[in-house]
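So the structure is just underneath, and the comments pick up after that.
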Amino acid sequence: MRRKEGAPADESGPSASVSKVHARHTHQRFPGARQAGLLKQRFAANVEKMASQASHAIAPGTSKTRASSEAICWEIYGGRKRAYVFNPLGKKKAVGRAVGGNVQLQVIEARDDGRGPLRRVKNLVKSYMLPEGWPGSVAKGYAPYMGWRAIQHFFGGAMGVFTTRSLLASLGVGRPGTSAAAINWVLKDGAGRFGKMLFARQGRKLDGELKQYRLAGNVLMEVGAGMELATVWCPQFFLPLACLANLTKQVAAVTASATRAPIYKSLALEYNLGDITAKGESVGNLTDLMGTAVGIYLAKKNPATWVAFAGLSSGFLLASYLEVKSVRLPYLNRARLQIAARTFLGSGKVPGVDEANKREKLWPVTPPWVGEKQPIIGATVAEAFENPDDLRKTLKLFDKSKYVMAYRPEKRQPYVLLKEGACQKDLLKGCFHAFLLQHILEERAAALDMDNGPVDGIRKWRRERVMHSTDTVHQALKDSCHQIGPRFNDFREEAVQHGWNMDDAMINAGEARIIPRHGSIWVQSRLAKINEILHTQ
């Protein structure tokens with residue numbers, strides 16, 4: 001038969017049959033040929049996939065060389081700038097540290113930003129000695145007041161050595177070697193002061209998680225008291241035990257003094273903060289003297305030391321819990337915001353100040369088995385993202401916001417990344433956005449359960465896979481961006497009506513910030529190596 005002109009050749013003809021027989025005969029005689037063919041196909045598919053990923057990193061209208069020499073985003077953390085770059089070569093030519101398990105998203109530290117070792121030491125000292133945001137976060141009188149206070153403490157610390165030696169000598173404690181005993185005692189006090197200085201870096205967190213840290217400080221106080229009692233049974237370890245005990249008690253004292261003023265401030269209604277503080281100290285001193293008298297009476301009865309300690313500590317901790325539980329703070333922190341936001345998203349109503357404070361959890365650490373996790377505010381890009389495509393899409397989604405929302409399905413953990421210049425209102429909105437995203441995911445999980453009937457083991461596993469897939473989370477993130485504006489405005493209005501002070505929210509956040517693109521010569525040179533290799537391939 002003659003083939004019509006223009007018609008395609010018959011692929012099932014004799015030549016095709018011969019080719020198939022030859023290929024089958026070749027694969028039978030040489031099994032490696034089939035494997036080589038499969039490897040070739042896989043290699044071609046991987047090359048095509050890598051090329052498509054590289055093309056996604058290229059902005060429209062720009063060349064490959066120019067686009068791949070730019071980072072996806074920049075971040076400042078701990079005073080150092082770093083770039084998150086897309087590297088299609090992965091481990092073949094690593095230019096930085098891989099983010100998580102994805103070798104194509106890498107971090108490059110900027111080494112040419114003028115921040116040498118001396119600058120890092122300076123930033124470290126500032127973090128311990130100066131308030132966050134200094135000098136803009138304090139009044140003009142802060143520097144002279146703290147300067148003269150430091151000089152005062154310097155002379156007081158030097159004088160303390162001589163006064164301690166005199167007191168010990170008057171009691172007849174080692175007259176020939178009184179200086180050594182005084183030095184040991186001063187070292188014990190010095191360890192406590194050192195602990196107070198180290199804990200001062202956490203001062204910003206005390207403003208937000210005030211009740212939680214106050215309760216934790218009271219627990220530390222009892223731990224220190226227990227170590228002091230242990231010196232009776234281990235006199236050879238007196239100095240290390242006494243130093244450690246004094247350190248924990250001084251840290252507890254910092255939390256007590258730092259949280260006392262905000263609590264008194266919440267109780268003052270007529271600009272009488274000083275009066276409330278003075279009267280509160282009077283009540284504390286009076287009851288302390290009464291407790292000392294009772295302690296002397298009990299000590300004369302000579303009870304077992306640990307029995308007395310256990311009973312008195314239990315009463316101390318119970319009173320500490322009830323003291324903190326009775327505090328009513330009219331501003332939102334993360335714990336109270338979680339209660340208010342979740343209640344509002346579920347019922348459309350914001351709980352009052354008293355109700356939310358009663359429901360607030362007082363232990364600062366969330367157990368790992370709790371399903372509903374609080375968002376991490378001020379997270380780094382490396383914590384929130386592993387995939388360069390997800391990072392690129394999310395940054396585009398939050399281009400006009402002062403924060404970026406992310407959600408890791410495998411950890412069920414929401415993240416709020418802050419941009420440079422984000423204020424307390426942005427933190428509040430970003431945190432509310434995280435609770436809104438969790439609410440949307442929970443609603444879709446409930447709808448899925450209603451459609452599929454009762455949830456057994458297999459259906460629960462399938463539901464988890466569907467609800468925490470990347471596509472489902474990204475779609476929920478898009479929907480939350482459309483809803484956040486009106487929902488957050490309604491939440492603010494409702495909260496103000498129920499007595500909440502929305503202008504003084506205390507949301508603790510990490511120090512990482514997303515910043516505009518930074519022209520680092522070091523980073524550009526590292527990325528140029530990738531371009532050179534890509535062009536030669």
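Residue numbers run from 1 in the order of the sequence given.
For the atom pair CG of L220 and OG1 of T255, the computed distance is 7.0 Å after rounding to the nearest 0.5 Å. Atom OG in S401 sits 12.5 Å away from atom CG in L417 (nearest 0.5 Å). The line from CD1 of I76 to CZ of R82 is 10.5 Å long, rounded to the nearest 0.5 Å. Distance OG/S326 to NZ/K211: 8.5 Å, rounded to 0.5 Å. Note that the CD atom of Q475 and the CG atom of D471 stand 9.0 Å from one another [nearest 0.5 Å]. Taking CG of L210 as the reference point, atom CD of Q212 lies at 8.0 Å (rounded to 0.5 Å).
When all heavy atoms of G224 and T248 are compared, the pair lying nearest together is CA-OG1, 3.2 Å. Residues L437 and S480 come closest through the heavy atom pair CD1-OG, 4.3 Å. Of all heavy-atom pairs between A422 and L427, the closest is CB-CD1, 4.4 Å. Taking each heavy atom of I339 and A356 in turn, the nearest pair found is CD1-O, 3.6 Å. Minimum heavy-atom separation, I507 to Q424: N-OE1, 2.8 Å. Pairing each heavy atom of I514 with each of L395, the nearest pair is CD1-CD2, 4.3 Å.
Counting heavy atoms from C-beta outward, K419 and R513 have side chains that stay 4.5 Å or more apart. Within the 4.5 Å cutoff, the side chain of Q438 has heavy atoms near those of the R342 side chain. Taking 4.5 Å as the limit, some side-chain heavy atom of C481 sits within range of a side-chain heavy atom of F398. Two residues are said to be in side-chain contact when any heavy atoms from C-beta on lie closer than 4.5 Å; R334 and L337 fail this criterion. No side-chain heavy atom of T394 sits less than 4.5 Å from a side-chain heavy atom of M405. Side-chain contact check for I377 versus Y415: every heavy-atom pair is 4.5 Å or farther apart. Put simply, the side chain of M290 reaches to within 4.5 Å of the side chain of L286, judged on heavy atoms. The shortest side-chain heavy-atom distance between C423 and D426 falls under the 4.5 Å cut-off.
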- request: Given side chain to side chain contact (heavy atoms under 4.5 Å, CB included), test Y84 with E75 step by step and report yes or no.
  value: CA-CA 8 Å; Y84 289 86; E75 178 183 76; 2.9 Å; yes
query: Could you go step by step and tell me if E355 and R336 meet the salt bridge (charged side-chain N to carboxylate O under 4.0 Å, His left out) rule?
result: CA-CA 10 Å; E355 180 184 351; R336 292 187 290 276; over 6 Å; no
Evaluation steps, side chain to side chain contact (heavy atoms under 4.5 Å, CB included), between T343 and R359: CA-CA 12 Å; T343 306; R359 292 167 55 187; 3.5 Å; yes
Intermediate values then yes/no, side chain to side chain contact (heavy atoms under 4.5 Å, CB included), L391 and F86: CA-CA 10 Å; L391 174 58; F86 170 66; over 6 Å; no
query: When you look at D275 and K279, which way does the salt bridge (charged side-chain N to carboxylate O under 4.0 Å, His left out) test go after all the steps?
result: CA-CA 6 Å; D275 189 26; K279 297 306 188 295; 2.6 Å; yes
task: Take V404 and V416 through the side chain to side chain contact (heavy atoms under 4.5 Å, CB included) test and state the conclusion after the steps.
output: CA-CA 6 Å; V404 176; V416 180; over 6 Å; no
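Taking the side-chain contact (heavy atoms from CB on, under 4.5 Å) definition, one finds that Q483 meets it with L436, I440, D479, R487, sequence neighbours left out. In this view, E420 satisfies the side chain to side chain donor-acceptor pair (under 3.5 Å) rule with no residue, not counting sequence neighbours. Under the side-chain contact (heavy atoms from CB on, under 4.5 Å) criterion, T292 pairs with D288, I296, not counting sequence neighbours. For Y77, there are no ring pair (Phe, Tyr, Trp, His ring centres under 6.0 Å) partners, not counting sequence neighbours. The salt bridge (charged side-chain N to carboxylate O under 4.0 Å, His left out) search around K249 returns E228, not counting sequence neighbours.
In K425, the NZ atom is not crowded: 12 or fewer heavy atoms of neighbouring residues, nucleotides or ligands sit closer than 6.0 Å. For K349, the NZ atom counts as loosely surrounded, since its 6.0 Å shell holds 12 or fewer non-hydrogen atoms of other residues, nucleotides or ligands.
Judged by distance alone, the side chain of H439 and the main-chain N or O of L345 form a donor-acceptor pair under 3.5 Å. With Q413 contributing its side chain and Q374 its backbone, the two residues share a donor-acceptor pair below 3.5 Å. Formation of a donor-acceptor pair under 3.5 Å by the W500 side chain with backbone atoms of P351 is found in this model. Within the 3.5 Å criterion, the main-chain N or O of A310 finds no donor-acceptor partner in the side chain of S313. Of the possible polar contacts, one joining the N357 side chain to the V353 backbone as a donor-acceptor pair under 3.5 Å is found. The closest donor-acceptor contact from the side chain of Q338 to the backbone of E360 lies at 3.5 Å or more, if one exists at all. The backbone N or O of E383 lies less than 3.5 Å from a partner atom in the side chain of R408, making a donor-acceptor pair.
Applying the ring-ring contact (aromatic ring centres under 6.0 Å, His included) definition to pairs two or more places apart or across chains, those involving residues 315-345 are F344-F491.
Using cut-offs of 30° and 60° on the angle between ring planes, the pair Y403 and H433 is perpendicular.
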